[in-house]
Each structure stands twice: as C-alpha cells, then as structure tokens.
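The block underneath contains the structure these notes are about, expressed in structure tokens.
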Amino acid sequence: MGNSVKQLAVLGSTGSIGRQTLEVVRALPHKFHIIGLAGGKNIDLLAEQIKEFKPRFVYCQDREAGSHLVNAECEFLSLEDIARQPQVDTVVMATSGSSGLRPTLAAAKAGKNVALANKESLVMAGEIIINEAKLNAAQILPIDSEHSAIWQCLRGETQPAAQLILTASGGPFCHYSPDQLNGVTTEQALKHPSWQMGRKVTIDSATLMNKGLEVIEAHWLFNMSFDSIKVLIHPQSIIHSMVEFIDGSIKAQLSYPDMRLPIQYALTYPERLPNPQFPKLDWGIINNLSFEQPDFDTFPCLKLAIEAGRKGGTYPAVVCAADEVAVELFLWQRIKFIDIANLVGQALEQHQAIAHPSLEEIMAADAWARQRVLKLASGDSSC
Ligand code: MG
C-alpha cells in the first residue's frame with residue numbers, strides 16, 4: 001500500500017465499532033478515505049456521517065429513510081455490493097448479528113482486506129469464509145481485541161502456536177452464584193465493568209457466550225484445534241489474549257481496553273502508527289493483574305458455544321441465532337437472564353445438524369433456531 005490512501009467501506013458505521021472506526025479515520029485523515037458507509041436504523045447519525053465523510057456508496061437498513069440520504073454524489077447499494085466495489089481496499093465489517101455473513105463472504109470473494117468485527121460471520125460459516133478468502137487472496141484482519149492480540153503475538157513467529165489463551169473480563173456477574181444470577185436485571189447486565197460496547201455483545205459478555213463465540217472464531221482465524229484454545233478470566237482487561245509456543249514461552253498483548261487500538265491495527269497493518277488519542281498504560285496504577293479459571297457451570301453459554309464449535313456443521317449457526325433471539329427477549333424483559341442459556345441449550349438439543357453445510361443450509365439452520373427459540377420462550381416445547 002505504501003503511502004497511498006486506503007479506501008475504506010465501513011459496514012455498520014453507526015454502531016459502536018463503526019463509530020470508533022470513524023474516530024480512527026478522523027485521527028489519521030491522510031491514511032484513509034471513506035468510500036462506503038452503511039448504517040442500521042440510526043438514520044440521523046448516518047446522515048451526519050455522510051455529510052462529514054462524503055462516501056461514494058451508501059446503504060441503510062430502512063430503504064425509504066435511506067432514499068433521503070442519497071444525493072448526487074452517492075449511490076445507494078446493498079451491503080454486498082458495497083463490499084465488492086472495485087475501488088474498495090478494505091471492508092470494515094462492523095455490523096452485529098448474522099446479517100454480516102453475506103457481505104463478509106462477498107468481500108472475501110472479491111479478494112478484499114476484511115477488517116472483521118462481526119463475530120457471526122466466522123462462527124456461522126467459518127469454513128466457507130476461510131476457504132473463499134484463501135481462494136481469492138482476501139486477508140481477514142481481526143478487529144476483536146482478543147483475536148487482534150493473538151494476531152499481534154503470532155507476528156514474526158515461524159512455527160505454529162502450541163496454545164491460544166483467550167482472556168475474558170468475566171463480565172458484571174463474575175463470581176455470582178446461580179441463585180444470584182437468577183434475579184439479575186437487564187440494567188445490571190448492560191453495565192460492563194471494563195468495555196464500552198453495543199447492547200448485544202454486552203449481554204453476551206455477561207453470559208460468557210461472547211467468549212464461547214470467540215473461541216470458535218479463533219479456531220477458524222488461526223487454524224487451531226479446540227483442544228488448543230483456552231479461556232482465562234482476567235477481570236482487569238489489560239492482557240487481551242496470549243499465545244503459548246512449543247517451548248512453553250508465552251507472549252501477551254497489553255493495553256487499556258480501548259477498541260480503537262485493534263481497529264487501527266487492522267486498518268494500518270502491517271504498519272503501526274502513533275495515535276495521541278490512545279491512553280498509554282500507567283504502571284504506577286496497574287499493580288494487580290489477576291487470572292482465574294472460568295466457571296463453566298454457572299455460565300453454561302461458554303460451554304454450549306465451545307461444544308457447538310467442536311461439533312461443527314450447522315451447530316454454531318444455531319448457537320448464534322438462538323442466542324441473538326434469546327438476548328433480544330431478555331432485553332425486552334420477556335425472559336430471565338438464565339433463560340438465555342436454557343433456550344440456547346434446548347435449541348441445540350433439538351437441532352438436526354448438517355455437516356459441512358452450504359450457505360443456504362446455514363441460513364436455514366439460522367431461521368430454524370430463531371423460530372425454535374421464540375416457540376420455546378412462549379412455552380411451546382414440541383418439535
Ligand atoms: Mg472480544
């Protein structure tokens with residue numbers, strides 16, 4: 001790339017990762033140009049972003065509202081069409097949920113650099129996406145802090161890692177007993193101790209589902225077996241993950257929890273650039289980095305996701321879709337916190353899985369799981 005300006009398409013620009021991506025772009029204006037922006041339902045913010053960055057391509061979920069955003073300088077395209085535009089160098093996949101799957105695949109097929117924050121793409125269709133990326137020389141650049149940490153630790157190594165150690169903050173309910181968890185509210189679950197994130201991923205952090213999905217992502221991104229990926233609770237969220245090598249040596253990546261750092265690393269890779277906005281670690285304040293084993297019994301989502309990842313096929317898609325619906329039901333206060341794991345577990349039990357599924361079979365499993373969770377939540381447990 002040299003000194004040329006990278007053309008970025010930010011899909012999910014109004015969400016938490018999208019907004020922080022644009023902060024990085026504002027801080028490094030000579031490095032990037034925004035060529036595409038895609039937002040969800042926050043039309044006002046998307047309109048502001050379009051005014052500021054003047055993208056060539058625009059998408060928003062609400063087509064009718066979106067039609068007002070389009071002017072003489074920009075064109076309304078689907079997420080997939082934006083992802084595969086020839087002028088786009090890097091696609092930032094910052095949407096949340098399974099809607100990210102097709103645009104991620106389109107970007108991989110078009111041989112783009114894919115700065116990937118959307119978990120569901122790799123969890124649901126890791127095999128397909130990784131194969132397409134290889135086939136078309138697309139680079140998947142992880143934005144998730146854990147995967148960015150592992151990626152950074154692996155750089156310069158010539159031999160495969162022995163073990164990946166994914167750290168987890170433990171969320172707001174770390175050390176809660178099952179009884180205590182029974183009564184927690186949406187408000188409590190949305191208060192994450194160390195990270196500022198979107199609502200879905202904040203709840204997933206509280207159930208530890210997020211970490212389970214990250215284990216599946218790590219399996220695909222780094223070609224590691226599930227036996228070689230460990231989860232470690234690290235409440236301070238300073239070590240973002242670690243890699244152990246065959247000689248027992250361990251490398252870790254540290255920083256304050258700030259998503260802009262892994263976002264910037266993915267966008268400027270293989271370069272590192274100074275960004276005065278990033279807080280530097282103050283060793284006078286950090287006097288305790290602690291670690292403990294996760295409690296798989298109190299937080300069954302972690303186990304459910306990893307088991308689904310091991311089984312493969314359409315199971316991971318079912319975990320994603322079932323969890324997405326269950327978390328929404330919890331946010332609407334229709335189910336209890338602990339019911340998220342119960343519903344995901346029941347959906348997995350009832351699922352008739354397909355090995356090495358096609359994209360259509362994955363989407364069918366996704367649709368089935370959504371229906372199933374809604375039925376189960378309404379008290380209908382018949383298959
Ligand atoms: Mg993460």
Side-chain angles (χ1 to χ4, degrees), residues 12 15-21 24 92-98 100 104 114-124 126 140-154 164-174 189-222 224 226 229-243 252-267 278 289 291 294 299 301-302 304-306 309 316 319-320 323-324 327:
S16 171
I17 296 290
R19 292 195 309 267
Q20 293 182 82
T21 301
V24 169
V92 181
M93 277 305 314
T95 61
S96 83
S98 55
T104 303
V114 188
L116 188 62
N118 175 269
K119 288 200 167 77
E120 288 77 4
S121 315
L122 276 184
V123 172
M124 294 174 69
I140 311 270
L141 315 163
I143 281 183
D144 211 344
S145 61
E146 294 77 3
H147 305 90
S148 177
I150 291 167
W151 183 34
Q152 292 179 56
C153 291
L154 286 171
L164 309 181
I165 303 159
L166 262 76
T167 54
S169 70
F173 307 133
C174 199
L190 283 169
K191 274 200 191 113
H192 195 274
S194 50
W195 288 99
Q196 291 288 324
M197 305 176 289
R199 284 158 68 90
K200 162 74 166 51
V201 63
T202 302
I203 302 301
D204 281 346
S205 294
T207 61
L208 295 195
M209 174 60 87
N210 183 53
K211 208 50 53 178
L213 300 180
E214 288 179 356
V215 169
I216 302 176
E217 267 189 294
H219 162 77
W220 291 114
L221 277 171
F222 305 110
M224 293 290 283
F226 284 94
I229 308 172
K230 293 274 161 337
V231 172
L232 193 60
I233 303 292
H234 166 49
Q236 295 84 11
S237 299
I238 298 289
I239 293 182
H240 299 304
S241 276
M242 300 184 257
V243 177
Q253 186 261 334
L254 290 76
S255 69
Y256 283 123
D258 186 326
M259 283 310 295
R260 292 175 304 174
L261 203 156
I263 290 169
Q264 179 176 306
Y265 187 74
L267 297 184
F278 294 167
L289 298 179
F291 307 94
F299 298 92
C301 283
L302 180 58
L304 288 171
I306 295 173
V319 168
C320 270
D323 177 61
E324 213 171 301
V327 168

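Numbering of ligands and ligand atoms starts at 1, following listing order.
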- Query: In Asp144, what N, O or S atom is nearest to the Mg ion (ligand 1), if we give its atom name?
  - Reply: OD1

- Query: Is a side-chain donor-acceptor pair under 3.5 Å present for Gln236 with His234?
  - Reply: yes

- Message: With carbon and hydrogen excluded and only N/O/S kept, which atom of Glu146 is nearest the Mg ion (ligand 1)?
- Response: OE1

- Query: In Glu214, the N, O or S atom nearest to the Mg ion (ligand 1) is which?
  - Reply: OE2

- Across all chains, not counting sequence neighbours, the salt bridge (Lys or Arg N to Asp or Glu O under 4.0 Å) partners of Arg260 are Glu23, Asp258

- Query: Between His240 and Ser148, does any side-chain donor sit less than 3.5 Å from a side-chain acceptor?
  - Reply: no

- Query: Any ion pair linking Lys119 and Glu214 (charged N to carboxylate O, less than 4.0 Å)?
  - Reply: yes

